[in-house]
Participant: 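Sharing a structure with you now.
Bear in mind that the values here come from a model prediction, so they are computed numbers and not experimental data. Below, all heavy atoms of this structure are taken into account, side chains as well, without hydrogens, waters or symmetry copies.
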Amino acid sequence: MSIPESVGIPDHYKSFRFSARRSFFWDKLAPVLIISPVIVTTLTFVYVFIVLTVLISLSDWSAVNLAGRFSTPLLKNYSQLFANPRFQMDLRNTVIFTVMFLAGSVGLGLVLALLVDRQIRAKGLFRTIFLFPYAISFIVTGVAWRWIFNPETGINQLFNVLGINSVLVAAGLDPFKPGWLTDPTVWPPLNEALSNIFPAAARLQFDIGVPVALIAVAIAASWQLAGFAMATFLAGLATIPTHIREAAQIDNASGWTHFSKITWPMLAPFTLINLVILGHVSLKIFDLVYAMSGPGPGFATDVPGIFVFEITFRALKYGVGAAGSLVMLLMVAVVVVPYLIRNMREDA
């Protein structure tokens, strides 16, 4: 039944219809319009470029062949990548650096969190001081620590000031003067020992072991990210219920017993968060290493990020560079994706 034109629609009914349309807009359409630029940007500059990188890694595209077709065989760039001795050393360096970096940053962060969590004066000041390095860019950290590890003007001067080298010289020994970032030594050399177990190890084109120069880089990275790990552990310590702490005190559970039986188990989720976040940082690290040492002597501090940069923009081998980028992406995905799947299952 239609309303005659002579019968006017009440003003309050018009106001209700307008309010309903406005409510529908803000509840349904406005959120989509607000996040649509982020969605478009992410799809374009992340996923579209990932697809393009995959296509380039399978092609012959180069500076002299901008209309390159798919390579023959299809995985030729990947074969060249993994056959490159430098990239093999980069993978070795990545594994060793990740282990040292995670042990240093997470371990130091845990110690700092336990110290700051105590009832001490100026607690907030110490927390700020320990967290401050995290606010510094990797480039600044790399430049500063490059000077610290300079064999002539850096930390080695302490051995002279403290008289350590004078004692060594008086004893007929050489002064203690580590090369730090300039030392290409790989220690301990494990190729021969591993070749007795795995004959294929004898055909490797790089030395298996810990590059000495890489230790200095791991120390600098651990120093910068320890504050992040500390903040995460402090958040975890704040979630431990007070009644559990009080019950432990009543049972005389203090020191190592309190840490191993109560604190550490309850910090396990926060430890996992630190390992995942800092692990993916170590796998794709570039700027700190580039500013601090670059590829290093004998590629002792080289990482896949530096290799991809140089092979793409200096050697102009775009296909091999794209293949290296995808290898880095897969390494990060191996660390991050299982953690995300685990969280989604817990939330379901």
Side-chain angles (χ1 to χ4, degrees), residues 31-84 86-91 93-95 97-98 101 137-139 141-142 221 225 228 273 275-292 294-295 299 301-344:
V32 176
L33 293 177
I34 292 174
I35 67 173
S36 58
V38 178
I39 295 176
V40 173
T41 303
T42 303
L43 289 175
T44 303
F45 293 100
V46 177
Y47 297 103
V48 171
F49 277 88
I50 288 177
V51 174
L52 291 176
T53 303
V54 173
L55 295 177
I56 293 173
S57 71
L58 300 176
S59 71
D60 290 325
W61 192 42
S62 65
V64 296
N65 185 20
L66 298 179
R69 301 178 179 178
F70 285 114
S71 58
T72 305
L74 189 62
L75 301 179
K76 182 180 69 175
N77 290 325
Y78 291 91
S79 300
Q80 294 179 2
L81 178 70
F82 287 104
N84 191 316
R86 177 181 175 181
F87 191 73
Q88 294 176 11
M89 286 186 281
D90 291 350
L91 295 179
N93 294 345
T94 299
V95 173
F97 173 80
T98 299
F101 167 66
S137 71
F138 277 127
I139 294 295
T141 300
L225 274 300
F228 173 84
I273 292 173
L275 292 176
V276 171
I277 295 178
L278 298 181
H280 105 275
V281 170
S282 69
L283 292 175
K284 63 184 184 65
I285 194 167
F286 168 81
D287 37 8
L288 172 65
V289 183
Y290 195 82
M292 189 172 178
F299 301 115
T301 61
D302 199 31
V303 291
I306 296 178
F307 173 84
V308 169
F309 171 76
E310 293 188 349
I311 203 72
T312 303
F313 299 106
R314 291 183 178 177
L316 302 181
K317 296 181 179 180
Y318 300 124
V320 179
S325 300
L326 290 175
V327 171
M328 293 178 60
L329 177 63
L330 291 176
M331 289 192 299
V332 173
V334 168
V335 174
V336 176
V337 171
Y339 175 75
L340 297 177
I341 294 175
R342 174 178 174 273
N343 283 349
M344 288 190 294

Participant: How would you list all residue pairs meeting salt bridge (charged side-chain N to carboxylate O under 4.0 Å, His left out) that involve residues 325-340, not counting sequence neighbours?
Facilitator: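 Output for this query is empty, none listed.
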Participant: Using 0.5 Å steps for rounding, measure from the CG atom of L316 to the OH atom of Y318.
Facilitator: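 Answer rounded to 0.5 Å: 4.5 Å.
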Participant: Contact between F87 and D302 at the side-chain level, heavy atoms closer than 4.5 Å - yes or no?
Facilitator: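 Side chain of F87 against side chain of D302, heavy atoms only: no contact under 4.5 Å found.
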Participant: Among all residues two or more places apart in sequence or in another chain, which pass the side-chain contact (heavy atoms from CB on, under 4.5 Å) test with T94?
Facilitator: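 side-chain contact (heavy atoms from CB on, under 4.5 Å) list for T94, sorted by chain: T98, L283, P304.
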Participant: With a 4.5 Å cut-off on side-chain heavy atoms, are L55 and W61 touching?
Facilitator: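 Result no, sub-4.5 Å side-chain heavy-atom pair not found.
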Participant: Please round to the nearest 0.5 Å and tell me the distance separating atom CG of L275 and atom OG of S282.
Facilitator: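 Answer for the CG-OG pair, L275 versus S282, is 10.0 Å.
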Participant: Quick one, F286 and V303 - any side-chain contact, counting heavy atoms below 4.5 Å?
Facilitator: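 They are not in side-chain contact.
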Participant: With rounding to the nearest 0.5 Å, note down the distance linking CG in L278 to CZ in F228.
Facilitator: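 Answer rounded to 0.5 Å: 6.0 Å.
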Participant: Got a sec, which pairs hit salt bridge (charged side-chain N to carboxylate O under 4.0 Å, His left out) with one end in residues 36-54, sequence neighbours left out?
Facilitator: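 Found none.
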Participant: Any chance you could measure I285, atom CD1, to M292, atom CE, to the nearest 0.5 Å?
Facilitator: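 Spacing of CD1 (I285) from CE (M292) equals 10.0 Å.
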Participant: Donor-acceptor pairs are to be reported for all side-chain atoms of residues 76-83 against protein atoms at under 3.5 Å, with residues two or more places apart or in another chain.
Facilitator:
residue : atom : partner : partner atom : Å
K76     : NZ   : D60     : OD1          : 3.2
N77     : ND2  : S57     : O            : 2.8
N77     : ND2  : S59     : O            : 2.9
Y78     : OH   : S57     : OG           : 2.9
S79     : OG   : L75     : O            : 3.2

Participant: Taking distance alone, no hydrogens or angles, what donor-acceptor pairs closer than 3.5 Å link side-chain atoms of residues 38-51 to residues at least two apart or in another chain?
Facilitator:
residue : atom : partner : partner atom : Å
T41     : OG1  : P37     : O            : 2.7
T42     : OG1  : V38     : O            : 2.7
T44     : OG1  : V40     : O            : 2.8

Participant: Taking only residues two or more places apart in sequence, or in another chain, which ones meet M89 in a side-chain contact (heavy atoms from CB on, under 4.5 Å)?
Facilitator: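 With neighbours one apart ignored, the set is R92, F206, F299.
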Participant: Please list, one pair per line, the donor and acceptor atoms closer than 3.5 Å that link side chains of residues 305-312 to other protein atoms, with sequence neighbours excluded.
Facilitator:
residue : atom : partner : partner atom : Å
E310    : OE1  : R86     : NH1          : 3.0
E310    : OE1  : R86     : NH2          : 2.8
E310    : OE2  : R314    : NH1          : 3.3
T312    : OG1  : V308    : O            : 2.7

Participant: Can you name the residues that form a side chain to side chain donor-acceptor pair (under 3.5 Å) with T141, not counting sequence neighbours?
Facilitator: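 Applying side chain to side chain donor-acceptor pair (under 3.5 Å) to T141 gives Q224.
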